[in-house]
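This one's a predicted model, so the numbers in the text were calculated from it and none came from an experiment. Atoms within each ligand, like the ligands themselves, are counted from 1 in listed order.
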Amino acid sequence: MATARPGAIRSVRSSPIVVSLFLGLVWTWMAGAHTISKPARDIAGNQTTSTPASVTVVNGSVEPSAVGQWEGPFSLPMPPVHLLLQRTGQVLMFDESTGGSGATLWDAATGTFTPVPTASNLFCAGHTALADGRSIVIGGHLDAYRGIPDTNLFDPMTRTWSRAADMTFARWYPTATTLPNGRVLATSGWITPGQLADTPEVYDPKANSWTGLTAATRSNPMYSFMFVLPDGTVFNAGPDVQTRRLDVATQAWTDVGGSLITGHSAVMYEPGKVMKSGTFAAVDNPGPSVHARTVFIDLNLANPSWREGAPMAFPRSYHNLVLLPDGTVLVVGGGRTQDGYNVSQAVHEAELWDPATQAWSTMAPMQRPRLHHSTALLLADGRVVSAGGEVLGGSYREENAEIYSPPYLFRGPRPTITSVPPSVQYGARFFLETANAPDIARVSLIRTGLVTHGFNQNQRYLRLTFTPSANGLDVQAPLEAKTAPPGDYMLFVVNSNGVPSVGQFVNIGGPTGDSQPPSAPANLVASLAGGSVGLSWDASTDDVGVTHYNVHRATVSGFTPTVGNRIGQPSTTNFTDADLPNGTYFYVVTAGDGSGNASPPSNQVTVSVQPDITVTPTALAFGNVVVKTNSAYRVVTVSNDGTASLSIGTVTQGGTNRNQFSTANDSCSGRTLARGQACTVSVRFSPTTRGLKTATLVISSNDPDENPVAVQLTGTGTRR
Ligand SMILES: [Ca+2]
Ligand SMILES: [Ca+2]
Ligand SMILES: [Cu+2]
């Protein structure tokens, strides 16, 4: 194996168990006592040695506005190996010490703990969030490297667990990933020692059933770093060095390339852009020395490849990467050794990575060592909880949490969000009420975090575009589920000082009770001015509320409105389609509500954007003119009676006797006439011989249906 496999120290319950690992190493587990597997790494005696609290001067400053500030530690009922943020703002936690079933809800705001036990041992499970906001916990713990097939759902509103269909495979250390269609991908995890669940499977919450991706069977690292990419494929960023992507629909894996390092945590810090840092480690399977390296890949590129960026200030293993509302990435905890419990080698300083500078900055140090089984999570208030750390049966055990306020909470007043809709559908525009609209520089969405073992299986970050208005922001929801799989997100506004609001929970793309579409917009009318089409219509009605209109344009009559021909989503009953090229256009408008229901289309209107040439007169008869004399000049007027500019070519004479006629005072050749403008050209007849002479005055232009226009010229040469 190119990569060491993660493991966990585990308590041992019966006779010696021999566990064979891929590397050919054999560990012997002694019966009875709950001890660390390798006596050489016994940490007895370290347990009660608290790390001296010290103030570290960082970057020449200890100002909270530069390095942030830690609070705590606060006691917890367990060292939380798993932290799952809920839409209530509460955090669900569980570990092994309470039998794996002693899940507890923590309300950080009130400091209260509410037991929410379940029948399954959830220790070492994987977890993500469903479209409706429930947590889905897959697999769990029977014993070391022995998983369970249990699927458990936690509803934050009722605070209850329900048991869903079992997976086909038992999984210990699996990864759960919410797909764009709301289903959940289960990757990897141990069935039994030495046997990984190599076949991914997909859970359908509607059918309550799992389906194996048998054609996608391959050995993936346990607790794989999995990310849904903007193209809908799922990227496995590690902790293997070799990385690859899975097309769930075709069940095909494609190699992406070597990532230079293993990494102990990974984040997708923008859609398609992934970072990982530090060294992968497992308590029972130490590898080479720990480093501080950071690598990146942009999967939006046609040929993505990993590149190395500025390293962290400290070598780290067992750390957590946390996405923050301003787009920065916080690294918390970890240590300089691979053992996972050498508290003397713990890194207490946090570091902050800024995507703008691509550099890490060292932040304030926390009090406690956060090593193996430690967790870190962004709270809705913009602070970060760093919690736990323990080795089963060992003396390293942190039943506490500390809470970090990043520098952005010390840089002036926070913007506030007065209201947002509780749920928004893809492509909708929605109103975010805030008194700070003129000062808002960024609107961000961060999916609720569900973290264990250094990897948050559910967090993701995206920015939303917005338009300020009097009392808030008109915000564009994510256009599709590939960039924001359905579920609960925290919505933040960030002001020009980089200070975030408190996050508001918004469900994106999830199920709603509203299935009734608005009424069709009536009386759609169009007006045309200077190549811009003004559209207006009568307001629609809806049982819940019209949130926006969809303006659609096509070049064929009777077309079907689709996302592909949608040209705008105003929240008002008018829209301007500016600077159209010449052509004939058809428009319809539909009304949308906040649940993604669209009305039938309005009446269709037609707008023709084109020049229209008018030439007066269309024939000139010069009558009898004595040979070798000139007639008087006659004037031909060219005007543009259309709705777009008329471009005139060169005015010429054609026909048999074209040299008997000539032009002067030509203000038309090469001219572009705006709508309503005119030009003139003068023509005279100069016969050189007797008899009837005919020719044409040829006027070419960009008129779509009259090009060229020919003015008939006639005259007769007579004897002197
Ligand atoms: Ca409705
Ligand atoms: Ca015409
Ligand atoms: Cu573990």
With the side chain counted from C-beta on, respond yes when T187 and N236 share a heavy-atom pair under 4.5 Å apart, and no when they do not.
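Result no, sub-4.5 Å side-chain heavy-atom pair not found.
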
Under a 4.5 Å cut-off applied to non-hydrogen side-chain atoms, are I138 and M167 in contact?
yes

With F154, which residues qualify under ring-ring contact (aromatic ring centres under 6.0 Å, His included), at least two apart?
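Result, ring-ring contact (aromatic ring centres under 6.0 Å, His included) vs F154: W161.
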
Kindly give the atom name of the N, O or S atom of [X] closest to the Ca ion (ligand 2).
X    : answer
D612 : OD1
D705 : OD1
E706 : OE1

May I ask you to decide if G427's main-chain N or O and Q569's side chain share a donor-acceptor pair within less than 3.5 Å?
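Yes.
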
When you measure from the side chain of Q457 to the backbone N and O of T128, does any donor-acceptor pair fall under 3.5 Å?
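Not at all, since once roles are kept as given, no pair shorter than 3.5 Å links the two residues.
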
Between the Cu ion (ligand 3) and H453, is there an N, O or S atom separated by less than 2.8 Å?
yes

Which atom of D593 is nearest the Ca ion (ligand 1), counting N, O or S only? It is OD2

Opening angle between OD1 in D543 and O in Q516, taken at the Ca ion (ligand 1), to 10 degrees
100°

Tell me whether the rings of F280 and H264 are parallel (<30°), tilted (30 to 60°) or perpendicular (>60°).
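Judged by the thresholds at 30° and 60°, the geometry between F280 and H264 is parallel.
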
Vertex the Cu ion (ligand 3), rays to NE2 in H373 and OH in Y173 - rounded to 10°:
160°

